[in-house]
Protein chains: 2
Amino acid sequence: MLSFLENVPLFKGLPADQLGRIAGIGVSRVYRRGETVFSDGEAADGFYVPMRGRIKIFKLSPEGKEQVLHIMGFQEPFGEAAVFSGGRFPAHAQALEESLLIFFPAPAFVDLTRHDPTLAMNMLALLSRRLKQFAGLVEQLSLKEVPGRLASYLIYVSDRAHGAALIELDISKTLLANVLGTIPETVSRVLGKMATEGIIEVEGRRIRLIERKKLEELSQGASFYDEGGGAR
Amino acid sequence: MLSFLENVPLFKGLPADQLGRIAGIGVSRVYRRGETVFSDGEAADGFYVPMRGRIKIFKLSPEGKEQVLHIMGFQEPFGEAAVFSGGRFPAHAQALEESLLIFFPAPAFVDLTRHDPTLAMNMLALLSRRLKQFAGLVEQLSLKEVPGRLASYLIYVSDRAHGAALIELDISKTLLANVLGTIPETVSRVLGKMATEGIIEVEGRRIRLIERKKLEELSQGASFYDEGGGAR
DNA sequence: CGGGTACTTGACAATGGTCAAGTGTGGTGG
DNA sequence: CCACCACACTTGACCATTGTCAAGTACCCG
């Protein structure tokens, strides 16, 4: 576990003995595909860092509609906010696939943080970045229509692959719909329309970006999971 | 300024000498109604704490549509996220009225935070609470229709006034529309409809909640600026 | 007193959600 | 190893919510 933890950005720059203490309070847990990690409103007793697998963080409406806030993977902590503001998880977390998570109990971790300025600053940086991502998400959901959000997402995936024109979605289109704040039918239709217009080519989860320019116009500059904003 | 700072929640629990240092790096600035405090994407050189007045934090679409993320008032810091994740403000900030802000330059404040665990923990708590609020905002915008959001807002204002049935909006309906992710026309119509149905009475900015039960049904439990969530 | 803004109301349009039906596919258990 | 089932995906018809455009009134500030 130590060799994993020392590469987690949240723990960057920490001396070996401190990493040891962190490893000392961490507990690994395995979750099956579809298994719930925690639920909205549940008392928060700690947070998690994935070693393997991916976790969907989402809100649920009473009617069962779901809005994905984040998909957390390798080395991406989640549930930390609940640890420092005392109390309850603000959303649901569910494993998208078999996942191995390291769980850190809140009281012990808060204690370590209080006595380690580097760890505290790392955590402040993490929460701050997350806050910016949320501002970007709100922007997407409130100020853009579905084609714009979809275009943003495609560009985001392409950029993650160093700007490749041929991309492969790593989530189902149903899940993508819940990320974009819409439903599978609408995703299907919008992808179809873009394909008809020659902007993209779709073959299952494989999508080729033909006219990146047009996508960038639709996305209006704001990208999905990074800060968004930028002088405009 | 000291007597103001010592009551700011962010600075609670700090010893007098530390408060003195914080006061030492703080600079007061006055903003006129409508004046810009900072802009989306601008390099962040510090953050602000209002002593007087209110500041609107918002995102802007290229077409000029605006989504309000927060309205910050007395003792509510804003712009802190940019300080700890380095870089740029993720949204616009504009004074709603004549405001007096204390500005804290990023480098000096980060330095104080690094050497003061209590301040660091307070800041972690603040960012965490903010994160939960964002999760609530996303929930509102993505999972609820306008009547639901409006009902949430009315209940929020009422609760802030200790559950009073007669409330007074402290923002214009146009601004309220931008908080709710809609437009003034729609706010007008929905208020009208609720009044017709006998759920509320509207007289300018004064609104009487007649059937709180109905509003709570519409709002589906989630309230606006607090964590939302809760076991359901 | 004048001008700009806030607010309201109406007619209309469009985005996108609902419901329904049908196809394909992967995983599991017999 | 195969059959079946659940689920992902697609497409069509329909409709609800809400945004756009336009016009008119009221009101606040200078």
Side-chain angles (χ1 to χ4, degrees), chain A residues 32-35 56 60-68 94 96-98 140-151 153 168-197 200-207 218 220, chain B residues 32-34 56 61-68 94 96-98 140-151 153 168-197 200-207 218 220:
Chain A
R32 293 184 307 276
R33 172 193 161 90
E35 198 174 347
K56 168 176 79 172
L60 218 44
S61 80
E63 299 81 38
K65 197 189 162 192
E66 120 184 3
Q67 171 66 51
V68 174
Q94 190 184 28
L96 288 183
E97 56 215 23
E98 160 131 354
Q140 296 277 341
L141 293 176
S142 174
L143 300 179
K144 286 157 66 172
E145 309 177 340
V146 175
R149 293 177 226 163
L150 183 51
Y153 190 86
E168 171 126 20
L169 299 179
D170 56 358
I171 56 177
S172 75
K173 286 174 188 166
T174 299
L175 182 52
L176 175 57
N178 290 336
V179 168
L180 300 181
T182 183
I183 57 174
E185 289 95 320
T186 298
V187 169
S188 209
R189 279 186 254 265
V190 174
L191 282 174
K193 184 138 180 280
M194 286 178 173
T196 300
E197 291 170 354
I200 59 175
E201 279 170 20
V202 183
E203 201 185 307
R205 287 195 180 186
R206 224 175 299 269
I207 297 178
L218 281 171
Q220 301 166 353
Chain B
R32 293 184 306 276
R33 173 192 160 89
K56 167 176 80 173
S61 80
E63 300 81 39
K65 198 188 161 192
E66 119 184 3
Q67 172 64 51
V68 174
Q94 189 184 29
L96 288 182
E97 56 215 24
E98 159 131 355
Q140 297 276 341
L141 293 176
S142 174
L143 301 179
K144 286 156 66 173
E145 310 177 340
V146 176
R149 292 177 226 163
L150 183 51
Y153 191 86
E168 170 126 19
L169 298 180
D170 56 358
I171 57 177
S172 75
K173 286 175 188 167
T174 300
L175 182 52
L176 175 56
N178 291 335
V179 169
L180 300 180
T182 183
I183 56 174
E185 289 96 320
T186 298
V187 168
S188 209
R189 279 185 253 265
V190 174
L191 282 174
K193 184 138 180 282
M194 286 178 171
T196 301
E197 291 169 354
I200 59 175
E201 279 169 18
V202 183
E203 201 185 306
R205 287 195 180 185
R206 225 175 298 269
I207 298 178
L218 281 170
Q220 301 165 353

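Nothing here was measured: the structure is a model prediction, and the numbers come from that model. Lettering follows sequence order; numbering is per chain, from 1. Worth knowing before you read on, the calculation uses all heavy atoms, side chains too, and leaves out hydrogens, waters and symmetry mates.
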Check your understanding: Along nucleotides 18-30 of chain D, 5' to 3', which nucleotides get a B, which get an S, and which get a -, given that the test is a protein heavy-atom distance under 4.0 Å?
Key -> SSBBB--------
From [X] [atom1] over to [Y] [atom2], what is the distance, rounded to the nearest 0.5 angstrom?
X       : Y       : atom1 : atom2 : answer
R149(A) : L143(A) : CZ    : CG    : 10.0 Å
I207(A) : Y153(A) : CD1   : OH    : 9.5 Å
Q220(B) : E145(B) : CD    : CD    : 8.5 Å
E97(A)  : E35(A)  : CD    : CD    : 13.5 Å
R33(B)  : E98(B)  : CZ    : CD    : 11.5 Å
Q67(A)  : L60(A)  : CD    : CG    : 11.0 Å

Exercise for review: Might you point out which heavy atoms bring L96(B) and K56(B) nearest each other, and give the distance in Å?
Suggested key: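 Looking at all heavy atoms of both residues, the closest pair is CD2-CB, 3.8 Å.
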Point to revise | Closest approach of S142(A) to L141(B) (non-hydrogen atoms, all atoms of both residues) | key: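 The pair with the smallest heavy-atom distance is CB-CD1, 4.1 Å.
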Rounded distance (Å) that lies between atom [atom2] of [N] and atom [atom1] of [X]:
X       : N       : atom1 : atom2 : answer
M194(A) : dT10(D) : CE    : P     : 14 Å
L143(A) : dT15(C) : CG    : P     : 17 Å
E203(A) : dT10(D) : CD    : P     : 12 Å
E63(A)  : dG17(C) : CD    : P     : 14 Å
L150(A) : dT15(C) : CG    : P     : 15 Å
L191(B) : dT8(C)  : CG    : C1'   : 11 Å
K193(B) : dG10(C) : NZ    : P     : 15 Å

Check your understanding: Are side-chain heavy atoms of L218(B) and K144(B) found at a separation under 4.5 Å?
Key ->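 No; the side chains remain at least 4.5 Å from each other.
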Strictly under 3.5 Å: I want the nitrogen or oxygen pairs between protein and nucleotides 21-26 of chain C, one per line.
none

Exercise for review: Tell me, please, which residues at least two apart from E203(B) pass side chain to side chain contact (heavy atoms under 4.5 Å, CB included).
Suggested key: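 With neighbours one apart ignored, the set is empty.
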Which atoms of nucleotides 5-7 of chain C (N or O only) lie under 3.5 Å from a protein N or O atom, and what are those distances?
| from | atom 1 | to | atom 2 | distance (Å) |
| --- | --- | --- | --- | --- |
| dC7(C) | OP1 | K173(B) | N | 3.0 |
| dC7(C) | OP2 | K173(B) | N | 3.0 |
| dC7(C) | OP2 | T174(B) | N | 2.8 |
| dC7(C) | OP2 | T174(B) | OG1 | 2.9 |

Practice item. Answer yes or no: is there an ion pair linking R205(A) with E168(A), defined by an N-O contact shorter than 4.0 Å? Key: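 No, this pair does not count.
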Practice item. Just report the end-to-end axis angle for the helix from dC1(C)-dG30(D) to dG30(C)-dC1(D), five pairs per end, to 10 degrees. Key: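 About 50°, once rounded to a multiple of 10°.
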Which atom pairs, one a donor and one an acceptor, fall under 3.5 Å between side chains of residues 173-195 of chain B and the rest of the protein, sequence neighbours left out?
| from | atom 1 | to | atom 2 | distance (Å) |
| --- | --- | --- | --- | --- |
| K173(B) | NZ | G204(B) | O | 3.1 |
| N178(B) | ND2 | E66(B) | OE2 | 3.4 |

